[in-house]
Amino acid sequence: MSARRLPATVTLHDLALAPGGRSVLAGLSGRFMPGSATAVLGPNGVGKSTLLAALAGRLAPAAGRIERAAGRLAELTQADAVDRRFPITLQGYVATGLWPLLGAWRGIGVRERQAIAQTLDRLDLGALAGTPLIDLSAGQWQRARLARLWLQDAELLLLDEPDTALDRASSERLDALLREALAVGRTVVAVLHGRHEPPALYDEVLALQPDPDGGPARCRSWGPVHAPTPTTAPTPAPMPSPATPAAAWARAA
Ligand SMILES: Nc1ncnc2c1ncn2[C@@H]1O[C@H](COP(=O)(O)OP(=O)(O)OP(=O)(O)O)[C@@H](O)[C@H]1O
């Protein structure tokens with residue numbers, strides 16, 4: 001992964017989203033900073049994937065706006081959103097991740113072949129390079145999708161359930177890749193369905209909560225996973241409310 005001069009910063013300004021005309025999310029304001037990994041948490045149907053669709057530019061805001069400063073994006077949609085009956089090998093599929101970098105007319109050269117081979121190795125897919133997509137297990141397919149995402153070398157990584165179907169070893173490989181991306185200033189936003197606490201590599205949590213009156217969901221909290229340690233605190237005061245956004249979400253669930 002190459003370092004880039006133009007990191008991606010994404011700012012939400014009073015964002016409202018209404019897929020299919022249904023008001024799902026409203027009043028969302030905040031910023032995803034370069035080098036940060038944000039976990040988007042919240043109960044089923046609250047609008048996590050909808051938010052990701054908007055960040056990816058697949059869904060226009062119903063109100064407010066999304067400001068994206070520089071950088072390219074790569075997106076991992078939910079696993080079942082892609083039809084893999086298309087007759088192509090795993091390697092051929094992963095190689096399509098290079099299209100945004102190569103443009104329509106440049107062919108794949110030696111350097112690109114090396115990048116593909118290295119990426120397949122990093123996700124333990126080298127032995128499966130010639131396998132048709134349809135023959136992959138769920139976990140192998142998820143790793144193939146991650147390999148394609150990784151090859152895109154994008155500044156903003158949008159991930160919907162990145163650890164779906166991954167065993168422990170594969171999850172660790174994914175974490176290593178994401179840590180590498182964060183170390184060179186990439187911005188990671190991941191929807192983590194059914195989780196109350198994000199894995200360790202996430203440093204920010206955006207927790208969404210449904211509206212009790214049936215209106216659009218809103219932001220419950222958005223901030224660092226670990227609250228800053230006070231430098232001078234002789235007597236710890238009782239905490240009436242949760243200390244971290246993740247704790248807030250866990251308490252609400
Ligand atoms: N195109 C659409 N038309 C109408 N409603 C939609 C559309 N897309 C999403 N929704 C609705 O928006 C709400 C939020 O869906 P979304 O998939 O974003 O939730 P989620 O938080 O990702 O849920 P889960 O954790 O179950 O995947 C749901 O009620 C869903 O039915």
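Sequence positions, counted from 1, serve as the residue numbers for this chain. Heavy-atom basis, side chains included; hydrogens, waters and symmetry copies ignored.
Considering only heavy atoms from C-beta on, Pro198 comes within 4.5 Å of Leu41 through its side chain. With a 4.5 Å cut-off on side-chain heavy atoms, Val205 and Trp222 do not count as touching. The shortest side-chain heavy-atom distance between Leu25 and Pro216 does not fall under the 4.5 Å cut-off. Looking at heavy atoms from C-beta onward, Leu159 lies in side-chain contact with Leu149 at the 4.5 angstrom threshold. Side-chain contact between Val189 and Val40 is present, with heavy atoms from C-beta onward closer than 4.5 Å. Counting only heavy atoms from C-beta outward, the side chains of Ile134 and Phe86 never approach each other to under 4.5 Å. Annotation: side chain of Pro199 is in contact with side chain of Leu192 (closest heavy-atom distance under 4.5 Å). With a 4.5 Å cut-off on side-chain heavy atoms, Val191 and His193 count as touching.
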Next on the checklist: Set out, in order, the CA-CA distance, both residues' side-chain angles and the distance that settles side chain to side chain contact (heavy atoms under 4.5 Å, CB included) for Arg122 and Glu180, then state yes or no.
Outcome noted: CA-CA 12 Å; Arg122 292 201 63 179; Glu180 194 178 303; 2.8 Å; yes

Next on the checklist: Working note: Arg145 + Thr77, criterion side chain to side chain contact (heavy atoms under 4.5 Å, CB included); need CA distance, chi angles, decisive distance, verdict.
Outcome noted: CA-CA 9 Å; Arg145 292 174 358 100; Thr77 53; 3.7 Å; yes

Checklist entry - Do Phe32 and Thr11 pass the side chain to side chain contact (heavy atoms under 4.5 Å, CB included) test, and can you show the C-alpha distance, the side-chain angles, and the key distance before you say yes or no? => result CA-CA 6 Å; Phe32 301 99; Thr11 310; over 6 Å; no

Item to check | Residue pair Arg65, Leu15: steps toward the side chain to side chain contact (heavy atoms under 4.5 Å, CB included) verdict | outcome: CA-CA 6 Å; Arg65 66 193 173 90; Leu15 181 68; over 6 Å; no

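Residues Ala190 and Tyr202 come closest through the heavy atom pair CB-OH, 3.3 Å. Closest non-hydrogen pair, Pro19 versus Val24, comes out as CD-CG2, 3.6 Å. When every heavy atom of Val10 is checked against every heavy atom of Arg68, the shortest pair comes out as CG2-CG, 3.6 Å. Here the closest non-hydrogen pair linking Ala144 and Leu136 is CB-CD1, 4.3 Å. Residues Ala181 and Leu157 share a closest heavy-atom pair of CB-CD1, 4.0 Å. Residues Ala95 and Leu151 share a closest heavy-atom pair of CA-CD1, 4.2 Å.
In summary, the side chains of Asp160 and Ser49 do present a donor paired with an acceptor at a separation below 3.5 Å, with no hydrogens or angles considered.
In this structure, Lys48 does not pair ionically with Glu161, as no charged nitrogen and carboxylate oxygen lie closer than 4.0 Å. Using a cut-off of 4.0 Å between Lys/Arg side-chain N and Asp/Glu carboxylate O, Glu75 and Arg58 are scored as salt-bridged.
Leu28 and Met33 fall into different hydrophobic clusters, defined by Ile, Leu, Val, Met, Phe, Trp and Tyr side-chain heavy atoms under 4.5 Å apart, directly or through other members.
Arg218 places no side-chain N or O within donor-acceptor distance of the main-chain N or O of Asp211, the cut-off being under 3.5 Å.
Residue Gln142 holds its CD atom at 10.5 Å from OG of Ser137, rounded to the nearest 0.5 Å. Interatomic distance, Leu166 CG to Leu146 CG, rounded to the nearest 0.5 Å: 6.0 Å. Distance check, rounded to the nearest 0.5 Å: CG of Leu158 to CG of Leu52 gives 5.0 Å. Remark: Leu120 CG to Arg148 CZ distance equals 13.0 Å, nearest 0.5 Å. Within the model, atoms CD1 of Ile88 and OG1 of Thr131 stand 13.0 Å from one another, a figure rounded to the nearest 0.5 Å. Here the CZ-CG distance, from Arg173 to Leu178, works out to 14.0 Å after rounding to the nearest 0.5 Å.
Partner Trp150 forms a side chain to side chain contact (heavy atoms under 4.5 Å, CB included) with one of Leu177, Leu174, Val94 and no other, that one being Leu177.
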